[in-house]
2 protein chains.
Amino acid sequence: MRKYLLPVLLICSLPASAQQLENDSLKLRQLATEVLTNSKAYEELRVLTQTVGGRLAGSPQMVKAEQWGAKTLKESGADTVYLQECKVPHWVRGAKEEVRIISRRRDFIPPLNVLALGNSVASAPGGITAPIIEIATFDELEAKKDKIKGKIVFYNHPFNPAFVRTFDSYAEAVRYRGQGASRAAKYGAVGIIIRSMTHGANNFPHTGAMAYNDSFPKIPAVAVGLQDADLLSSRLKGEPDLKLYLRTSCRMLPDTIGHNVIGEIRGTEHPEEIITVGGHLDSWDVNEGAHDDGTGCVQSIEVLRAFKALGIRPKRTIRIVLFANEENGSRGGKKYGELAKAAHEQHIFALESDAGGFTPRGFSFEMPPEKRAKIKSWAPLFLPYDIYEFDAVGGGVDVGELSAATGCPMGELFPDSQRYFDLHHAVNDVFAAVNKRELELGAFSLAALIYLVDEHGL
Amino acid sequence: MRKYLLPVLLICSLPASAQQLENDSLKLRQLATEVLTNSKAYEELRVLTQTVGGRLAGSPQMVKAEQWGAKTLKESGADTVYLQECKVPHWVRGAKEEVRIISRRRDFIPPLNVLALGNSVASAPGGITAPIIEIATFDELEAKKDKIKGKIVFYNHPFNPAFVRTFDSYAEAVRYRGQGASRAAKYGAVGIIIRSMTHGANNFPHTGAMAYNDSFPKIPAVAVGLQDADLLSSRLKGEPDLKLYLRTSCRMLPDTIGHNVIGEIRGTEHPEEIITVGGHLDSWDVNEGAHDDGTGCVQSIEVLRAFKALGIRPKRTIRIVLFANEENGSRGGKKYGELAKAAHEQHIFALESDAGGFTPRGFSFEMPPEKRAKIKSWAPLFLPYDIYEFDAVGGGVDVGELSAATGCPMGELFPDSQRYFDLHHAVNDVFAAVNKRELELGAFSLAALIYLVDEHGL
């Protein structure tokens, strides 16, 4: 309950002139005050999430979101705003999924709380009914490959709580969502149901992308909430011949048109050097797409607004990119990288925010050691803002496509990850789950790093 | 969305034997896994907050909470559980407060959303009606001291958003809650209404303790929600002769009996050396007292449970203390300090958790430099858990009383502070606002530091 003193700025550790250090330090403080006092990010997020809502690639909401993005970038002071066309997949969920336990006991069991995985096919029109086999890992699947035929595989792989950073739990579990259907179909499975990738204390199912291997039959795939996963597992122990009724009505329509929405401030000294900062504009269809990734979009736009408000005229060209279709195809990121390469653009740094609008702790980076060392030399400037992590490795999915195409150094904002998988790809990823100050401190972190890269190059 | 790598343990910077370092590092990992996997803290918090509820000193819920505390400490494996009696103030809110804007325009204005401040007196039985004077600071109060008489002073001091750590905003604003009534009464004010101490985007009023200076008349004091504070301020601009109707029905009854609830594990090698870890069991009456400070209580109890589960037999005596009456008197902390001094107990360290059950970032400390240096030498052991702050200055209110009485070195858990003042002392400080993993990582942080102090002394 007492007042905490801010850590003292470690001036001595910076290999830069005292004057430059003082200038940078003051500029960061101005950016923080501007963002924490006058940010429009929270209100913009409200409009995006609550008037546009969920905005899966190919949906009518995707088009509304693109219009919102272009308008907001213009109002925030971009010199130039343009759309970059790309083909996007057009998957639709169709009628509400239905999954029921069929027991010989004939007791009442409510339907399981499920969501089809993104890109899943429909089941047979009237649904399918099949015995279940519970599997914890792919090793177990291989060991039981002779028992899979004609069954629905229930991947009940737990989300490991012992990792401190929850993305480590996700990295371990997400393969069952991505590859589980085709690996089961290889042995004759007729459908899969997977335990949702979450620590959440509720029963919300968490959707997300899966992909088929064309060598095997395409079978329907759904995610189930944790409480229902536990129920199913427990029922199976007493009644191994339980069956599951499963019906999905999803369809993959022909590709359609989507757009990256881009706003620029042209550099005053080195306009040919481009710095990208962005998030993805699309989201899943079952929620408001707040933390994934409305927050990344409005934080990136806030960089522009804060620069304009403080009269910062960047030396290099700053490009705010709201990427299309990260969730089920990354076609926006791929197109951005492709066009950058074709035009021989000179990209010096790309930064993404796509890990939630939670209180920031730092950044992850993928770049050569000397560039990483240069960024790390700025770390003491961030300590007064409780931003301390500069050693993590990784870039974002969308800037990863740019980096793959052009070799551009990249990074991603690293917010606190404890709450992310409570709501990731589930119905509760909504505006009300975003804290205004946490969102703003993330926006400040992006603005501060972009400022320093622009000022000192990379 | 990519996997982040954990920062590498900075082994080289620790002035200790490689063997000891490895032991400590392994023990911390065991504690983290135990707490993140098997913690009972979240379920205990549910019981405390949802079956006992708000538990102001002197209330029937206080007695239930003491019984809950003693039972839970026993079940968690304490050798000895006992109650330490103290006198506590017995303030009751009485009938719902009422505050209305009285305008000559006679338009409909809903009653303002207010809460009486803790320890406030009642207004005259039928309420009072008086003109209002809006004041931003005590300097402004002094400058306008001739215009205060017969009026209700409206302290409309904003909660500064530019501070990064919100306790800094609180430290700046809280004096208006604590001293505002008597400083206004000195110049003849008949009541005060203060802007709530919050960044919150809602209209919840935030209560909290105030104190009277006996030299001046005791006048009623209430806090008002931000939206109603803005409404009142805006109406006053157009209509300076607006009046306010204010009615409070609070009463200060004679002191009653409360208890610190204490559970101990007796040390195996130096039982005379005592290490305290605790939170406060009381809360305000208007909410469930979840983050303030149910979380501190269950985190402290979790230290005991995790030690027992891992078979850790501490060398020194570990004492879990659930303090009485932090909120409106700190009588529990004072009694604990007083008795420790009288018994010549040897307290080597006292740690508190009373800044919310949010994702932890580190600790603040108040102790001589050489002890602080010793604790700081352990900082690299905490980095894999994203615990990095060891430089902040401060102890908790309750262990502060022990420290004042005995000179005991002290510290407080430093969780992320961004969400704390959204719910501090308001109706929304409820169990549902607590994240299980954030709570558990805080409990782990306490357990890890207590383990190291016990193992290596201080």
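The chains referred to below are lettered A, B, ... by the order of the sequence lines, with proteins before strands, and numbering in each begins at 1.
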- Task: Could you tell me whether the side chain of Arg437(A) and the main chain of Ser417(B) form a donor-acceptor pair under 3.5 Å?
- Result: no
- Where is the tightest heavy-atom contact between Thr37(B) and Ala162(A), given as atom of each residue plus distance? OG1-CB, 4.5 Å
- Assess the side chains of Thr359(B) and Arg361(A): does a donor N or O sit below 3.5 Å from an acceptor N or O? yes
- Message: Do Leu439(A) and Gln418(B) make a side-chain contact, defined as non-hydrogen atoms from C-beta onward lying under 4.5 Å apart?
- Response: no
- Minimum side-chain heavy-atom gap Lys436(B)-His199(A) below 4.5 Å: no
- Task: Report yes if the side chains of Glu389(A) and Leu383(B) come closer than 4.5 Å at any heavy-atom pair, otherwise no.
- Result: no
- Query: Can you say whether Asp422(A) sits under 4.5 Å from chain B via the side chain, the backbone, both, or neither, judging by heavy atoms?
  - Reply: side chain
- Arg29(B) and Val164(A) have their tightest heavy-atom pair at NH1-CG2, 4.2 Å
- Item | For chain A, the option from Asn435(B), Leu441(B), Thr33(B), Val35(B) that forms the most heavy-atom pairs under 4.5 Å | Asn435(B)
- Query: Just wondering, more than 12 heavy atoms not from Lys40(A) lying within 6.0 Å of its NZ?
  - Reply: no
- Taking C-beta and beyond as the side chain, do Phe163(A) and Leu36(B) meet within less than 4.5 Å on heavy atoms? no
- Query: Do Asp386(A) and Phe414(B) come within less than 4.5 Å of each other through their side chains, counting heavy atoms only?
  - Reply: yes
